[in-house]
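Structure, as structure tokens:
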Amino acid sequence: MDQVRLAKVALSAATFAIDKPYDYLLPAELLETARPGMRVLVPFGAGNRRIEGIILAIADGPQSEKLKAVFSLLDEEPVLDGESIQLALWMRERYFCTVYDAARAMLPAGLYFSLQDRYRLVNQADKEGAYEAAGRSDYARRILDLVYSCGGAAELGQIRGAFGAKDPGPALKSLVDKGVLILETSASRGVGDKTEQVASLLMPPEEALALVAPKRKSAPLRYAVVELLSAVGQASSKEICYFTGASTATLRSLVRSGIVTQEKREVFRRVAVDSPEPAGPVVLNGEQEAAFRGLDALRTGGKSAAALLYGVTGSGKTQVYIRLIQACLADGGAAMVLVPEIALTPQLLHIFTSHFGEEVAVLHSSLRAGERYDEWKRVRAGRARVVIGTRSAVFAPVERLGLLILDEEQEYTYKSENVPRYHARDVAKFRCARSGALLVLGSATPSVESMYLAKSGVYHLFELKNRYNEQALPGVYIADMRQELRRGNGTSVSGLLRQELEANLAHGEQSILFINRRGASRMVTCGECGEVPTCPRCSVYLTYHSANGRLMCHYCGHSEKLPAACPQCGGALSFVGTGTQKVQEELEELFPGVEVMRMDTDTVSATQSHEKLLSRFERERVPILIGTQMVAKGLDFENVTLVGVIAADLSLYVDDYRAGERTFSLLTQVVGRAGRGEKQGRAVIQTYTPENDVITNAAAQDYDRFYDEEIGMRSLRGCPPFRDLFVLTASGAEESRVLRVCMKLRRTLEGWLAQPPYDALGIQLLGPAPASVAKVNNRYRYRLTLSGKNTKSLRALITALVVAAQNDKENRGVSVFADVNPLD
DNA sequence: AGCACGCCGACT
DNA sequence: GTCGGCGTGCTC
């Protein structure tokens with residue numbers, strides 16, 4: 001049997017059910033250049049449509065009839081290294097996504113190709129022949145009309161647009177088959193490499209100066225340019241013009257004279273990070289020093305390790321991180337720091353740039369495509385060895401990874417809600433294990449899973465128990481809102497909180513009030529009939545956005561003008577403000593003339609204004625700041641001595657096993673905002689359930705007790721870390737069909753679970769139940785939940801189930817996917 | 001998912 | 001006859 005060289009390719013067009021490495025013949029002209037990690041254009045399917053893929057491996061295999069050949073390479077260099085390819089394969093097995101989905105998550109959007117299909121007339125002159133070939137087909141004639149009117153070629157998108165809902169595919173195919181049209185596929189990159197001209201001397205400086213010196217008087221600029229280049233050797237053309245006053249014409253004339261050469265060099269677009277003064281050496285206190293030593297011993301221990309750094313708010317975890325990174329860089333390694341949300345951690349970013357300057361690369365989703373792409377390239381080129389970023393930065397192309405820090409590891413933003421539905425903590429573990437790096441999970445309120453693993457010895461545990469500078473913890477008081485109601489106080493400000501606010505106003509100290517609501521956007525309701533406008537496509541209420549004066553849906557993006565009156569009864573509409581605005585109004589009534597600053601999704605649109613608001617709050621000592629979760633994180637203001645939590649239990653009664661953990665963490669963070677300076681801080685927690693354990697433990701800042709109670713509950717209920725929840729979601733336009741698919745899935749599953757080897761897995765099955773938001777974008781969603789140990793065997797079962805569901809003809813119109821420990 | 005193939009009704 | 005609608009099966 002003849003052996004040929006094959007490329008094993010992961011395809012962008014493959015669905016989960018048919019995803020696997022596909023074998024393609026490598027044509028002779030690509031044999032030398034093709035390497036694993038490069039993207040390729042390949043023919044796929046019966047129609048041989050051109051699609052994008054990525055080479056996973058190159059191997060020899062037997063020649064076969066079935067084999068098709070790679071069309072072309074899309075990259076000159078691999079965009080994924082061997083470890084990343086391994087990671088992509090691992091993610092498919094773990095998160096039930098395609099290999100390409102995983103690869104896509106690893107690459108910056110700027111590297112991403114958009115494929116354009118163009119249909120061109122083979123022989124434009126032969127118009128008659130073309131229409132003859134079209135025959136009686138109305139569609140084919142319309143396509144020809146369009147192509148001719150466009151000058152002989154048209155984009156597929158254009159044709160689709162002209163056809164509306166009708167699919168032009170068959171008619172196009174017939175025209176291509178008859179040789180009238182030809183399909184051209186071009187790949188274009190969204191963001192190009194940015195280059196700049198760099199000039200340098202073609203000869204030794206003395207020689208060059210001697211050449212231009214005689215004409216120094218008549219051509220001073222030429223002389224100045226050569227003088228500058230003699231001094232610095234090489235400079236960008238822009239800079240040369242800037243410093244000497246020369247024009248590009250001067251430079252060109254020097255190039256023509258053979259004195260100077262200009263070449264293109266890639267430049268890296270950088271995010272405007274203020275370049276602070278270089279920071280001095282980090283001084284650690286005894287506790288921090290001990291943690292640093294222990295962690296660094298693990299880092300240099302020669303094999304991969306994971307550690308939990310459990311340090312109370314204000315204990316100075318960042319200092320420890322910095323020392324660890326310094327040590328890692330000194331050993332020639334690179335370090336990564338993941339944070340839950342970059343916009344909320346400007347202070348952290350500032351500290352890191354002050355220590356590591358140009359070595360820092362920032363990667364997060366609100367960067368512009370070009371910026372993100374360039375930061376990615378700086379990392380890949382090894383020019384930035386300290387990567388700071390959000391969830392997706394865990395895929396940064398860092399070589400020689402020595403240290404990976406996941407700050408605030410309990411945050412749920414580390415879990416992706418979109419394909420691929422990965423958890424950055426898991427991916428971080430994988431990467432650290434592969435490269436022998438140290439994984440540090442940092443938190444003031446570790447997730448129950450992580451603490452469990454630390455207590456059972458899987459993670460090394462390090463604790464920072466004291467606040468930096470020996471600051472005392474704020475005094476925490478609980479206000480029982482039921483009593484307030486009984487006393488006739490229907491507002492959201494309790495007597496106690498009011499009293500404390502008054503005290504702060506009298507002393508000129510600042511207060512932060514926190515509303516425990518996610519999103520916290522405003523809704524609209526009719527005062528007459530109680531109607532609340534809902535999204536026509538989703539089962540959620542619409543929220544009001546003051547920026548554009550429209551009602552919007554957070555799920556599908558639907559937006560409509562705010563109606564003047566209730567569409568049902570014509571009554572007057574009013575805003576529902578359990579949120580920040582209502583509290584703001586109540587406070588303004590309570591304290592006339594006192595400025596109350598509001599910070600929520602409504603007042604904050606861009607990162608800019610978020611920071612602007614905060615800096616004004618600090619600078620002008622605005623007495624009261626009120627906001628949603630945004631105010632809970634990472635804010636350190638010396639003059640803030642009082643923190644109030646408006647509705648502490650609001651996040652507690654959610655149908656989610658993490659509700660307690662989330663509430664505890666949130667309350668602890670908020671309370672920690674008080675008294676960061678010299679003065680003693682206070683916190684008031686308002687709740688309708690003052691006896692609730694989570695609330696009392698948070699008030700007492702007693703993590704250990706919270707953990708003990710929570711872990712017992714998790715064990716009892718079969719939640720992580722004891723079991724994982726696998727959620728299968730079916731969605732489709734017809735509710736009855738979706739439900740039927742779900743029931744069938746359950747029956748299939750029950751059948752499988754009754755037999756070996758699955759009967760031994762001890763799996764519990766729940767559902768079908770409607771998803772928490774039952775309809776999104778006119779698609780109904782029902783879910784089936786399995787709980788069990790996250791083993792290879794169980795994952796294989798889920799994979800088989802999803803594949804079977806996707807292949808089942810009866811399930812047409814309904815899509816099925818799986819997610820592990822989803823957010824809701 | 002998308003595309004071809006194949007079978008069937010409608011219009012020419 | 002042949003165009004186009006729709007159900008079925010496969011994708012290196």
Side-chain angles (χ1 to χ4, degrees), chain A residues 1-27 30 34 36 38-72 89 92 96-101 104 115 117 119 131-144 156-157 159-160 163-178 180-181 183 185 419-420 730-733 737 741 779 802-817:
Chain A
M1 188 63 85
D2 269 9
Q3 291 283 299
V4 285
R5 181 125 306 182
L6 301 173
K8 308 237 172 232
V9 182
L11 302 176
S12 61
T15 56
F16 182 67
I18 62 163
D19 183 44
K20 59 174 183 174
Y22 285 80
D23 289 342
Y24 282 90
L25 209 60
L26 268 176
L30 300 181
M38 287 180 174
R39 287 168 301 168
V40 287
L41 209 55
V42 293
F44 186 63
N48 279 334
R49 67 208 150 94
R50 286 146 195 248
I51 57 153
E52 206 180 303
I54 190 153
I55 303 179
L56 301 174
I58 291 175
D60 289 324
Q63 171 67 279
S64 145
E65 299 280 293
K66 273 182 151 184
L67 284 178
K68 294 178 187 177
V70 172
F71 278 136
S72 60
L89 293 166
R92 176 189 146 85
F96 316 104
C97 64
T98 71
V99 174
Y100 204 87
D101 284 334
R104 190 181 281 130
L115 298 181
D117 286 342
Y119 288 89
Y131 276 92
E132 203 174 302
R136 267 185 279 277
S137 168
D138 196 29
Y139 296 140
R141 286 170 168 276
R142 271 170 63 190
I143 290 168
L144 286 177
L156 177 60
I159 301 168
R160 282 243 166 85
F163 270 65
K166 201 88 223 148
D167 178 22
L172 276 169
K173 268 282 108 74
S174 81
L175 284 171
V176 170
D177 289 345
K178 284 171 182 148
V180 177
L181 293 178
L183 168 64
T185 306
V419 181
S731 75
R737 283 188 68 119
V741 169
R779 291 174 71 84
V802 174
V803 169
Q806 289 184 357
N807 286 335
D808 190 341
K809 269 142 251 354
E810 282 178 47
N811 292 359
R812 247 173 312 127
V814 178
S815 51
V816 174
F817 67 87

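Owing to the predicted nature of the structure, the values given are computational and were not obtained by experimental measurement. Naming convention: chains lettered A, B, ... in sequence-line order (proteins, then strands); numbering from 1 in each chain.
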Let me know the distance between CG of A:Asp19 and P of C:dC10, rounded to the nearest Å. 19 Å
Side chain of A:Lys66 only, please: which of B:dG2, C:dT11, C:dG7 is the nearest? C:dT11
Between atom CG in A:Asn807 and atom P in C:dT11, what is the gap in whole Å? 12 Å
In whole angstrom, give the distance that lies between atom CG of A:Asp23 and atom P of C:dT11. 13 Å
OG1 of A:Thr15 to OH of A:Tyr100: how many Å apart, nearest 0.5 Å? 15.5 Å
Please classify the nucleic acid contact of A:Leu67 as base, sugar-phosphate, or nothing, using heavy-atom distances under 4.0 Å. sugar-phosphate
To check you understand the geometry: which heavy-atom pair defines the closest contact between A:Leu30 and A:Ser72, and what is its length? CD1-CA, 4.3 Å
Walk me through it: do A:Arg92 and A:Phe16 pass the test side-chain contact (heavy atoms from CB on, under 4.5 Å)? CA-CA 9 Å; A:Arg92 176 189 146 85; A:Phe16 182 67; 3.5 Å; yes
Kindly write out the residues that satisfy side chain to side chain contact (heavy atoms under 4.5 Å, CB included) with A:Ala730, not counting sequence neighbours, or none if the list is empty. A:Val738, A:Val741, A:Cys742, A:Val814, A:Val816
Could you walk me through whether A:Leu25 and A:Lys68 satisfy the side-chain contact (heavy atoms from CB on, under 4.5 Å) test, starting with their C-alpha distance in whole Å, then the side-chain angles of each, then the deciding distance to 0.1 Å, before giving a yes or no? CA-CA 6 Å; A:Leu25 209 60; A:Lys68 294 178 187 177; over 6 Å; no
Separation of atom CD in A:Gln806 from atom P in B:dA1, rounded to whole Å: 7 Å
According to a strict under-4.0 Å criterion, is A:Arg49 in side-chain N/O contact with OP1 or OP2 of B:dA1? no
Could you work out which one of C:dT11, B:dA4, C:dG9 sits closest to the side chain of A:Lys809? C:dG9
Output the rounded distance in Å from CZ (A:Arg50) to P (B:dA1). 24 Å
Categorize A:Tyr24 for me: base, sugar-phosphate, or nothing, with a 4.0 angstrom heavy-atom threshold over every strand shown. sugar-phosphate
Between C:dG7, C:dT11, B:dA4, spot the one nearest the side chain of A:Arg812, thanks. C:dG7
Could you tell me the separation between the CG atom of A:Asp101 and the C1' atom of B:dA1, rounded to a whole number of Å? 12 Å
Contacts of A:Thr15 and A:Ala46 projected onto DNA chain B by closest heavy atom; the upstream (5') one is A:Thr15
Would you kindly give the CG-to-P distance between A:Asn811 and B:dA1, to the nearest whole Å? 11 Å
Can you measure A:Glu65 atom CD to C:dC10 atom C1' for me and round it to whole angstrom units? 17 Å
